[in-house]
Amino acid sequence: MSERDACAGTPGTFAPVVDRNRCEARADCVGVCPYDVLEIGRLSAQDKAGMSLLGRLKSAAHKNRQAFVVNPDACDACNLCVDACPEKAITLKPFRLMH
């Protein structure tokens with residue numbers, strides 16, 4: 001059974017949320033997601049404004065790059081990204097409530 005087959009959720013019900021203070025852009029989450037929900041990108045000034053001092057320092061050490069949710073409607077709530085994240089920076093939240 002492939003990882004895609006193992007995902008039994010309904011797409012668009014849940015979506016990952018990345019904790020900006022924890023993510024180190026290691027891309028483990030990107031590599032395991034069968035639906036291309038996440039990608040690594042550069043933090044904007046607005047992203048950094050909401051972070052703690054420690055989070056901003058940590059992000060600077062990682063070239064201001066982190067995981068971003070780019071395709072939330074495709075998330076199947078399989079938890080592969082949550083399990084793969086070494087920093088435990090990803091949680092799944094009900095997607096419809098995030099809008």
Side-chain angles (χ1 to χ4, degrees):
M1 180 182 332
S2 73
E3 287 178 349
R4 183 178 285 266
D5 294 334
C7 297
T10 302
T13 305
F14 287 86
V17 175
V18 179
D19 182 336
R20 295 276 162 243
N21 290 305
R22 298 184 76 130
C23 181
E24 294 181 1
R26 294 187 184 186
D28 295 23
C29 57
V30 175
V32 299
C33 181
Y35 300 106
D36 299 320
V37 173
L38 298 148
E39 69 180 28
I40 300 299
R42 186 162 298 284
L43 289 163
S44 70
Q46 183 179 5
D47 293 325
K48 289 189 268 186
M51 295 170 64
S52 68
L53 175 60
L54 181 60
R56 289 192 307 271
L57 292 171
K58 189 179 192 182
S59 71
H62 297 283
K63 301 179 183 174
N64 290 311
R65 294 173 50 82
Q66 289 192 349
F68 284 88
V69 179
V70 295
N71 194 13
D73 286 324
C75 180
D76 219 4
C78 61
N79 274 318
L80 292 173
C81 60
V82 174
D83 294 339
C85 181
E87 296 86 30
K88 302 300 178 208
I90 301 175
T91 55
L92 291 181
K93 302 282 183 181
F95 181 60
R96 300 295 173 220
L97 298 178
M98 292 169 47
H99 292 297

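Since the model is a prediction, treat every value here as computed from it, not as a measurement.
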- request: Examine R20 relative to F68 and say whether NZ or CZ is less than 6.0 Å from the centre of the six-membered ring and inside a 45° cone about the ring axis.
  value: yes
task: Would you indicate whether the side-chain heavy atoms of T91 and V82 approach each other to under 4.5 Å?
output: no
Side chain to side chain, P16 and V37, heavy atoms closer than 4.5 Å: yes
Closest non-hydrogen atom pair between [X] and [Y], with its separation:
{"X": "V69", "Y": "V18", "result": "CG2-CG2, 4.4 Å"}
{"X": "H62", "Y": "K58", "result": "CD2-O, 2.9 Å"}
{"X": "N71", "Y": "D36", "result": "CB-O, 3.5 Å"}
{"X": "P72", "Y": "A15", "result": "CB-CB, 3.9 Å"}
{"X": "L43", "Y": "S59", "result": "CD1-CB, 3.5 Å"}

To the closest 0.5 Å, what do you measure between [atom1] ([X]) and [atom2] ([Y])?
{"X": "D47", "Y": "R42", "atom1": "CG", "atom2": "CZ", "value": "12.0 Å"}
{"X": "Q66", "Y": "E24", "atom1": "CD", "atom2": "CD", "value": "9.0 Å"}
{"X": "I90", "Y": "C33", "atom1": "CD1", "atom2": "SG", "value": "9.5 Å"}
{"X": "C75", "Y": "L92", "atom1": "SG", "atom2": "CG", "value": "5.5 Å"}

- request: Provide the full list of salt bridge (Lys or Arg N to Asp or Glu O under 4.0 Å) pairs with a residue in residues 59-68, sequence neighbours left out, each pair given once.
  value: none
message: I need the full list of salt bridge (Lys or Arg N to Asp or Glu O under 4.0 Å) pairs touching residues 79-90, with sequence neighbours left out, sorted by first then second residue.
response: R26-E87
Side-chain atoms of residues 48-57: list all donor-acceptor pairs with protein atoms under 3.5 Å, sequence neighbours left out, distances to 0.1 Å.
| from | atom 1 | to | atom 2 | distance (Å) |
| --- | --- | --- | --- | --- |
| S52 | OG | N21 | OD1 | 3.0 |
| S52 | OG | G55 | N | 3.0 |
| R56 | NH1 | M51 | O | 2.7 |

